[in-house]
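Read through the structure below, which is laid out as structure tokens, and then see the notes.
Order of the sequence lines sets the chain letters (A, B, ...), proteins ahead of strands, with each chain counted from 1. Note: hydrogens, waters and symmetry copies are ignored here, and every other heavy atom, side chains too, is used.
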Amino acid sequence: MATITKRSEDYSKWYQELVIKAGLAEPSEVRGCMIIKPYGFAIWEKIQAYLDRRFKETGHQNAYFPIFIPKSFFSKEAEHVEGFAKEAAVVTHYRLKNSPDGKGVIVDPEAKLEEEYIVRPTSETIIWNTYRNWIQSYRDLPILINQWANVVRWEMRTRLFLRTSEFLWQEGHTAHETADEALAEARQMLEVYREFAENLLAVPVIAGSKSPSERFAGAIETFTIEGLMQDGKALQMGTSHFLGQNFAKAFDVKFLNRDGKQEYVWATSWGVSTRLIGALIMTHSDDNGLVLPPKIAPLQVVIVPIYKKTEQLEQITEYVQPIIKGLRAKGITVKFDNDNNKTPGWKFNEYELKGVPVRIAVGPRDMKGRSVEIARRDTLEKKTYPVDNVAEIVDNLLVQIQNDIFQRALDYRQKHTYYVDSWEEFKQRIEEGGFVLAHWDGTDETEARIKELTKATIRVLPVEEIKEQGKDLLTGKLSERRVVFARAY
RNA sequence: CGGGGUGUAGCGCAGUCCGGUUAGCGCGCCUGCUUUGGGAGCAGGAGGUCCCGAGUUCGAAUCUCGGCACCCCGACCA
């Protein structure tokens, strides 16, 4: 019997078991890397499909750059190299040969590369090195490109989806004439992410800026969307960076501007990763398994037949045909699970574990009463409905579930968001978990001190500013606005 | 990279302290029959380099030494 650890017993264990038992992913033989299984990948494909459409609607095109980046590229932007040096996978050789003792193969020492390659942890450097050749005048701008790719960051400690050594993501890299235009782009993409997180994933997020110490390596400004997980920890779900002219200067990318003068190009980059699947799980799921918002669920409706004899199964099969047809006509994905080797009870539990939003059960009782039993995954509520307009009922129900799941997550976040003005209360709230809105004097030193004392970091300076006079909790210095503190993944 | 823990069937574990028949148990898997409205029952069956290497011994899953891997907790990070 596949039961999972309760969240209240061990949240981390619950998470890992859920990922594995729901069939989303599993650890691999390669340290820190995961195997994304079909069910998990189907969720990623839904994420990709939605975002890809939004990127194109906002004027971007897809392209692809090499996975290997010459080592020298990294040294060109000082902060950037510092940010990624500690977790770089390096390619040093290009050939193997049979080992002298006849057992297996060894790296051929003769085949050492002149210059090592870094397996990309992110692609700014190779892309900006390329943009140099693409840009001569303001007429070549803007360049609006996105890449779907895998990247590698050699992390010390990994967790399925949340942090793996290799992960899948998209990275947008744009080049602009002016600072204002680049900033507007970075903000626009943040808004794309926010809308996507809330509407598709049903995960409420706070959008805003990072504090200087939390910025992307090489960025002037980093925007972020931050979610609050069920254990009270924050999760960064997407970032969008205004890179200023840093990479243009590092890679000497200039253009002739409208005044006929040479100027460095302005840049942005922005990305979200397979980590989003972790956010999805930790925001909505419960002790029975996954709870998937209908818009992201690979399978939205499952029909489970309940029968004694095979003739009964045949009758049910016929009985549900119009339902299946009706649902498909509305673009709803549906599966009729007529597997004879599993009992209905087993199937109920299995589809709850997998988070299928709606389950329809059909047995002799229903056929007699011209009805079906419809159960929703989020509330586990079951109701009987007439068979005639099931498609419409389910269609509405899916919308309802999507909204309810979002609302529930929002309620949770609001219940765990605190306005705090004293150091004692701050420590206590951080310990309990949640977002803590507090005043901050704006210095790196205070931020670092708070982190040291409480493990809390500034997650975000919200776009919708909470402007008011106040005093920093620790130093008592004046502050103009509240910022969001939390412990984070 | 520091502290702790664990490696025995596909998965979860017992056995290890105190060496000794043929290495067990639960789940899963296969076959058959009966079942099917919340993880079915019975019967039969398949499945093991006991993490790797060396040593001690008549004899090692068990003791000794060395190695490797993974997990958890910290520090670092999407």
In whole angstroms, how far is the [atom2] atom of [N] from the [atom1] atom of [X]?
{"X": "A/Phe84", "N": "B/A78", "atom1": "CZ", "atom2": "P", "value": "7 Å"}
{"X": "A/Met34", "N": "B/C71", "atom1": "CE", "atom2": "P", "value": "14 Å"}
{"X": "A/Gln16", "N": "B/C11", "atom1": "CD", "atom2": "C1'", "value": "14 Å"}

Name the residue closer to the 5' end of RNA chain B, choosing between A/Phe216 and A/Asn349 according to the nucleotide with the nearest heavy atom.
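With A/Phe216 and A/Asn349 compared, the 5'-side residue is A/Asn349.
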With nearest nucleotides of RNA chain B determined for A/Gly32 and A/Lys455 from heavy-atom distances, which residue corresponds to the more 5′ nucleotide?
A/Gly32
Any A/Lys308 side-chain N or O less than 4.0 Å from OP1/OP2 of B/U36
yes
Side chain of A/Glu155 only, heavy atoms from C-beta on: which candidate in B/C76, B/U36, B/G38 is closest?
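Per side-chain heavy atoms of A/Glu155, the pick is B/C76.
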Please classify the nucleic acid contact of A/Pro27 as base, sugar-phosphate, or nothing, using heavy-atom distances under 4.0 Å.
nothing
Would A/Arg359 count as a cation-pi partner of A/Phe348, with NZ or CZ less than 6.0 Å from the six-membered ring centre and within 45° of the ring normal?
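Yes - A/Arg359 lies over the ring of A/Phe348, closer than 6.0 Å to its centre and within 45° of its axis.
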Is any side-chain N or O of A/Lys382 under 3.5 Å from a base N or O of B/G38, one able to act as donor and the other as acceptor?
yes
Validation row, ring centre A/Trp154 to ring centre A/Phe84 under 6.0 Å
no
Just checking A/His173 against A/Phe247, ring centres under 6.0 Å apart?
no
Out of the candidates A/Val390, A/Ile360, A/Ile393, only one should pair with A/Tyr385 under the side-chain contact (heavy atoms from CB on, under 4.5 Å) rule; please name it.
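Per the side-chain contact (heavy atoms from CB on, under 4.5 Å) rule, the option paired with A/Tyr385 is A/Ile393, out of A/Val390, A/Ile360, A/Ile393.
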Roughly how far apart, to the nearest Å, are B/G12 and B/G7 at atom P?
11 Å
